[in-house]
Amino acid sequence: MPELPEVETVANGVHERVHGQLIERVWTSGKPQTFKSPESEIEAVLTGARIERVRRVGKTIAVSLGSRGEFLVHLGMTGRLLVSSPEVPLPPHTHAVLSLSGGNELRFVDARRFGRLSVAAAYEGPGAEPLTIGEDDFVALFRGRKLAIKAALLNQALLHGVGNIYADESLFRAKIRPRRQAGRLTRAELLRLRTELVGVLKNAIKLGGSSVSDYVDADGVRGFFQLEHKVYGRAGEDCKDCGTGLKKVVVGGRTTVYCPMCQR
DNA sequence: CTGACATCCTGACGGC
DNA sequence: TGCCGTCAGGATGTCA
């Protein structure tokens, strides 16, 4: 499932291949819940627009269209944003096709339809940016919060971009149990969490993200960070650091895996 | 306001 | 082999 590193990889890859190009034609599938803005509005804004920049904001891909605003793509769980030749057959579950002046198509494909397309004037994202937030601001995010630290990490209004994989992986590396109350973590623990979170996100970006279900980048290529996972997807296996059996619980409504020995 | 929980959707996987 | 039930999860909406 695409989180910050996967979305960043896709956004950068798409940017390289489409910036500066004109959107000549737009086709949309008509599946209602895929479109957060009316399809007619999306088509009107996109058709004839020039793509200035493609970047990541939280887990959202924001395509800047100059004075026309931004085209926002949220990949949900199984969404893919692909740059393809028109000669390549449309994959099943294609929901939008943008024909570009460079001759290629920008395609949005999403089997499970948790992804969303919309247009907006400008997009800032709901929360703070994990890669650039300072120490004091990071610590302040969790002050007084009674929910579990894992649930707090998943809350996009606090930090945006972190999902289930990198929440579990950063908590393991920071040696913090996922169910600890966020507001009761010490400053030292939160600073450790910030360091490990930034580290794991940057490392994952370097490796092209984690391909666990069907995540691929703009060229359809899989990432490699799943090979570095210490806990995510490893329920029932042994901790790579200490050999203790990893535990699986539900926190914040999400499957959560942790090491009861390493994480306190 | 804060937090907990159900809901959407379909492919993959396990069991028999 | 093939069928069927279960599971996965980001954002949103509802409820306490």
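Below, read A as the first sequence line, B as the second, and so on, with proteins coming before strands; counting in each chain starts at 1.
Test A/Ile51, A/Thr47, A/Val63 against A/Ile23 for side chain to side chain contact (heavy atoms under 4.5 Å, CB included) and you get one pass: A/Ile51. Applying side chain to side chain donor-acceptor pair (under 3.5 Å) to A/Ser64 and the options A/Arg53, A/Glu52, A/Glu70 leaves one that passes, A/Glu70.
Of the two residues near DNA chain B, A/Phe114 and A/Lys146, the one whose nearest nucleotide lies more 5' is A/Lys146.
Put simply, A/Arg112 has no side-chain N or O that comes within less than 4.0 Å of OP1 or OP2 on C/dG9. For the OP1/OP2 pair of C/dG9 and a distance below 4.0 Å, the side-chain nitrogens and oxygens of A/Thr255 include at least one atom meeting the criterion. Taking side-chain N and O atoms only, A/His74 has no distance below 4.0 Å to OP1 or OP2 of C/dG10. OP1 or OP2 of C/dA11 has at least one side-chain nitrogen or oxygen of A/Lys59 nearer than 4.0 Å. Within the 4.0 Å cut-off from OP1 or OP2 of C/dA8, not a single side-chain nitrogen or oxygen of A/Arg254 is found. OP1 or OP2 of B/dC9 has not a single side-chain nitrogen or oxygen of A/His93 nearer than 4.0 Å. Considering only side-chain N and O atoms, A/Tyr166 lies nowhere under 4.0 angstrom from the phosphate OP1 or OP2 of C/dG10.
Each of C/dA11, C/dG9, C/dG10 was ranked by its minimum atom distance to the side chain of A/Gln156; first place goes to C/dA11. Checked against B/dT10, B/dA4, C/dG9, the side chain of A/Arg113 finds its nearest nucleotide in B/dT10.
A salt bridge does not link A/Arg234 to A/Asp168: none of the charged side-chain nitrogens sits closer than 4.0 Å to a carboxylate oxygen.
A/Lys248 comes within 4.0 angstrom of sugar-phosphate atoms only, judged by non-hydrogen atoms across all strands, and of no base. Counting any heavy atom pair closer than 4.0 Å across all strands shown, A/Lys36 reaches sugar-phosphate atoms only and no base atom. No engagement by A/Arg116 is indicated, since no non-hydrogen atom pair under 4.0 Å with the nucleic acid exists.
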Problem set entry | Derivation of the side-chain hydrogen bond (donor to acceptor under 3.5 Å, both in side chains) call for A/Glu196 and A/Tyr166 | CA-CA 10 Å; A/Glu196 296 300 334; A/Tyr166 300 100; over 6 Å; no
